There are 2 protein chains.
Amino acid sequence: MTPAAPADAAIADAARPLRADAARNREALLTAAEEEFAARGLDASIADIARRAGVAKGTVFRHFATKEALATAIAARHAEELTALARRLRAAPDPEAALLEFLTEAAGRLQRRRVAVLMTVPAPGSELARLQRQVHDEVVLLVDKARDAGAVRPDITGTDVFLLMCAPVHTVDYLADPPPELWRRYVGVLFDGLRPGSAHPLPHPAPSWP
Amino acid sequence: MTPAAPADAAIADAARPLRADAARNREALLTAAEEEFAARGLDASIADIARRAGVAKGTVFRHFATKEALATAIAARHAEELTALARRLRAAPDPEAALLEFLTEAAGRLQRRRVAVLMTVPAPGSELARLQRQVHDEVVLLVDKARDAGAVRPDITGTDVFLLMCAPVHTVDYLADPPPELWRRYVGVLFDGLRPGSAHPLPHPAPSWP
DNA sequence: TCATAAAATGACCGGTCGGTCATGTTGATG
DNA sequence: CATCAACATGACCGACCGGTCATTTTATGA
């Protein structure tokens with residue numbers, strides 16, 4: 001039939017391998033975009049991203065159909081990393097330490113790369129939505145294990161933790177020049193809030209996902 | 001000398017009272033801008049705000065020298081409300097209940113009006129910076145009282161609480177269609193994290209303000 | 001009622017940005 | 001080396017946006 005339509009390079013999944021220079025540029029664009037988004041938020045301009053990557057503006061749109069697609073690609077990469085991290089930690093012997101390490105490592109990534117902005121609500125049914133769900137489900141398992149071990153209060157769900165994940169990072173954002181490790185302090189506060197013990201009943205039922 | 005320079009209306013503090021229509025428009029602009037910022041973030045356009053307020057674009061700039069000044073005016077209004085709230089609660093008999101009510105009421109406002117975006121780091125020395133400091137100082141007093149009463153762990157400062165204030169609201173933002181009262185749940189988690197009892201030592205010294 | 005300063009208006013400007021496309025360049029393949 | 005599809009380029013387009021200003025409207029107070 002159709003001889004493998006060239007289609008859009010942006011939609012070229014793993015169809016045909018990229019040319020060497022194209023692969024290089026794609027990678028350069030991803031890291032440049034990540035840095036630019038981190039520095040200036042979603043308003044970073046395509047032109048600046050292209051300049052930082054050392055390519056022309058048109059090249060950006062050869063690799064990513066739209067600016068949103070570029071942001072999504074970055075978010076997807078981080079979602080995959082978080083899924084892998086959670087899966088790895090799920091095999092750890094101490095469930096409490098595992099959950100704490102997950103929260104710490106996740107917040108640390110989000111802080112360093114400043115990608116919390118990109119983790120907005122994705123279009124339903126989109127690829128990013130699927131990847132977010134993967135992270136979510138993995139966090140649920142992690143939290144379930146921790147709860148079984150008595151490290152997490154019984155009325156806290158995995159979805160709660162998933163939503164609370166970015167809180168320590170956002171907290172620090174209200175400071176003009178935050179100490180680079182201050183977020184760890186608020187991971188501590190959060191973790192203590194998740195613990196059983198002095199916990200008071202929570203005033204609202206847990207949310208569902210999505 | 002200069003016969004009371006007409007100057008810019010934007011800088012007209014309480015110099016001379018506004019004309020009736022001007023006062024009306026100013027108020028309409030503030031509420032329209034608040035709604036528009038809430039719906040579309042800082043990127044809401046002046047044209048849309050003007051349309052919603054039922055005035056022409058030029059009128060916006062008669063009242064507020066710049067778009068940023070408009071956003072600042074809204075943020076300032078909320079800062080003043082929060083200061084008043086904290087001051088009032090400081091006189092309450094039960095310091096623990098007072099702090100909880102402050103966190104609840106503050107988060108509720110931020111959630112309803114979606115003004116957390118406007119509470120960004122202000123220019124040093126600016127009016128908004130002064131108002132933020134007022135809120136901060138008032139929160140410190142509230143937290144000190146609560147700590148003295150044993151309702152807050154000893155290693156938590158007022159600055160911590162000030163920074164954590166918006167966390168429950170941000171947490172809910174990662175949900176596509178959050179239950180309108182879900183933020184209360186995360187106020188609960190936060191408050192339990194602030195309590196003494198099962199608290200573990202925090203991994204980073206408290207920040208200073210600013 | 002009238003004079004006047006205050007206020008409102010909306011066309012306009014310079015600039016930016018996301019995205020397109022005709023053209024030129026280059027890496028793979030035989 | 002020759003060929004060609006894949007890729008890169010950057011001028012260009014239309015839309016939008018914040019802000020200005022000459023002109024017109026209007027509230028106010030005498």
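Heavy-atom basis, side chains included; hydrogens, waters and symmetry copies ignored. Bear in mind that the values here come from a model prediction, so they are computed numbers and not experimental data.
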Engineer: Given atom CZ of A:Phe64 and atom P of C:dT20, what is their separation to the nearest angstrom?
Structural biologist: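 Going from A:Phe64 (CZ) to C:dT20 (P), I get 15 Å.
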
Engineer: Can you figure out which of D:dG18, C:dT9, D:dA8 approaches the side chain of B:Ile46 most closely?
Structural biologist: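 So the nucleotide nearest the side chain must be D:dG18.
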
Engineer: To the nearest angstrom, how far is B:Arg51 atom CZ from D:dC16 atom C1'?
Structural biologist: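 Taking CZ of B:Arg51 and C1' of D:dC16, I get 12 Å after rounding.
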
Engineer: Can you establish whether the number of heavy atoms outside B:Glu101 located under 6.0 Å from its atom CD is more than 12?
Structural biologist: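 At most 12 heavy atoms, drawn from other residues, nucleotides or ligands, come within 6.0 Å of this atom.
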
Engineer: From the set D:dA11, C:dA7, D:dA27, return the single nucleotide nearest to any side-chain atom of A:Lys57.
Structural biologist: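 Closest of the options to the side chain of A:Lys57: D:dA11.
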
Engineer: What is the distance, to the nearest angstrom, from the CD atom on A:Glu27 to the P atom on D:dA8?
Structural biologist: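 Rounded to whole Å, this separation is 14 Å.
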
Engineer: For D:dC7, does OP1 or OP2 lie under 4.0 Å from any side-chain N or O of A:Asn25?
Structural biologist: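 So the side-chain polar atoms of A:Asn25 never come under 4.0 Å of the phosphate oxygens OP1 or OP2 of D:dC7.
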
Engineer: Once you measure the plane-to-plane angle for B:Tyr174 and A:His170, does it fall in the parallel (<30°), tilted (30-60°) or perpendicular (>60°) bin?
Structural biologist: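 Taking A:His170 first and then B:Tyr174, their aromatic rings sit tilted (interplane angle of 30° to 60°).
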
Engineer: Name the residue from B:Thr157, B:Val140, B:Leu163 that meets the side-chain contact (heavy atoms from CB on, under 4.5 Å) definition with B:Trp209.
Structural biologist: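 When B:Thr157, B:Val140, B:Leu163 are each tested with B:Trp209, the side-chain contact (heavy atoms from CB on, under 4.5 Å) holds only for B:Leu163.
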
Engineer: Please name the residue in the list B:Arg52, B:Arg113, B:Arg109 that meets the salt bridge (Lys or Arg N to Asp or Glu O under 4.0 Å) test with B:Glu34.
Structural biologist: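 The option that passes is B:Arg113.
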
Engineer: Just to be sure I understand the rule, does B:Ser45 reach a base, reach only the sugar-phosphate, or reach nothing, if contact means heavy atoms closer than 4.0 Å?
Structural biologist: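 Touches sugar-phosphate only.
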
Engineer: Look at atom CD of B:Glu68 and say whether more than 12 heavy atoms of other residues, nucleotides or ligands are closer to it than 6.0 Å.
Structural biologist: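 Check fails, neighbour count at 12 or below.
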
Engineer: Does B:Asp43 or B:Ala20 map to a spot on DNA chain D nearer the 5' end, using the closest nucleotide for each?
Structural biologist: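 Between the two, 5'-proximity favours B:Asp43.
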
Engineer: Suppose we call a contact any N or O donor and acceptor under 3.5 Å apart; does that hold for the side chain of B:Arg19 and the base of C:dA6?
Structural biologist: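 Yes, the side chain and the base share a sub-3.5 Å donor-acceptor pair.
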
Engineer: Figure out the CZ/P separation between A:Arg62 and D:dG10, and round it to whole Å.
Structural biologist: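 After rounding, the reported distance stands at 15 Å.
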
Engineer: Under 3.5 Å, is there an N or O donor on one side and an acceptor on the other linking the side chain of B:Lys67 and the base of D:dG19?
Structural biologist: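 Counting by modelled atom types and ignoring angles, no donor-acceptor contact under 3.5 Å is found here.
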
Engineer: What is the distance from CG of B:Asp21 to P of C:dT9, rounded to the nearest Å?
Structural biologist: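 About 9 Å, once rounded to whole Å.
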
Engineer: From CG of A:Leu70 over to P of C:dG18, roughly how many Å is that when rounded to an integer?
Structural biologist: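 Atom-to-atom, A:Leu70 to C:dG18, this comes out as 10 Å.
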
Engineer: Would you indicate which nucleotide in D:dC17, D:dT9, C:dG19 comes nearest to any side-chain atom of B:Arg40?
Structural biologist: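 Closest nucleotide among those given: D:dC17.
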
Engineer: When we call it a touch if two heavy atoms are under 4.0 Å apart, what does B:Ala44 touch: a base, just sugar-phosphate, or nothing?
Structural biologist: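 Sugar-phosphate contact only - B:Ala44 comes under 4.0 Å of backbone atoms but never of a base.
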
Engineer: Please name the pair of heavy atoms, one in A:Ala79 and one in A:Leu131, separated by the smallest distance, quoted to 0.1 Å.
Structural biologist: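 Minimum heavy-atom contact is CB-CB, 3.9 Å.
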
Engineer: Quick one: B:Asp48 CG to D:dG18 C1', roughly how many Å, whole number?
Structural biologist: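 Rounding to the nearest Å, CG of B:Asp48 and C1' of D:dG18 are 13 Å apart.
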
Engineer: Kindly say if B:Thr66 contacts the phosphate of D:dG19, meaning a side-chain N or O under 4.0 Å from OP1 or OP2.
Structural biologist: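 Result: yes.
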
Engineer: When the distance from CZ of A:Arg26 to P of D:dA6 is rounded to whole Å, what number comes out?
Structural biologist: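 Those two atoms, CZ and P, are 17 Å apart.
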
Engineer: Please work out if B:Val60 contacts a base, only the sugar-phosphate, or nothing of the nucleic acid, heavy-atom cut-off 4.0 Å.
Structural biologist: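 B:Val60: no heavy atom of the nucleic acid under 4.0 Å.
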
Engineer: Quick check for you: among C:dT9, D:dG18, D:dT28, whose closest atom lies nearest to any side-chain atom of B:Phe61?
Structural biologist: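 Looking only at heavy atoms from C-beta outward on B:Phe61, the closest nucleotide is D:dG18.
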
Engineer: Can you tell me if B:His63 touches the phosphate of C:dA8, counting only side-chain N or O atoms and a distance under 4.0 Å to OP1 or OP2?
Structural biologist: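 Answer is yes, contact under 4.0 Å.
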
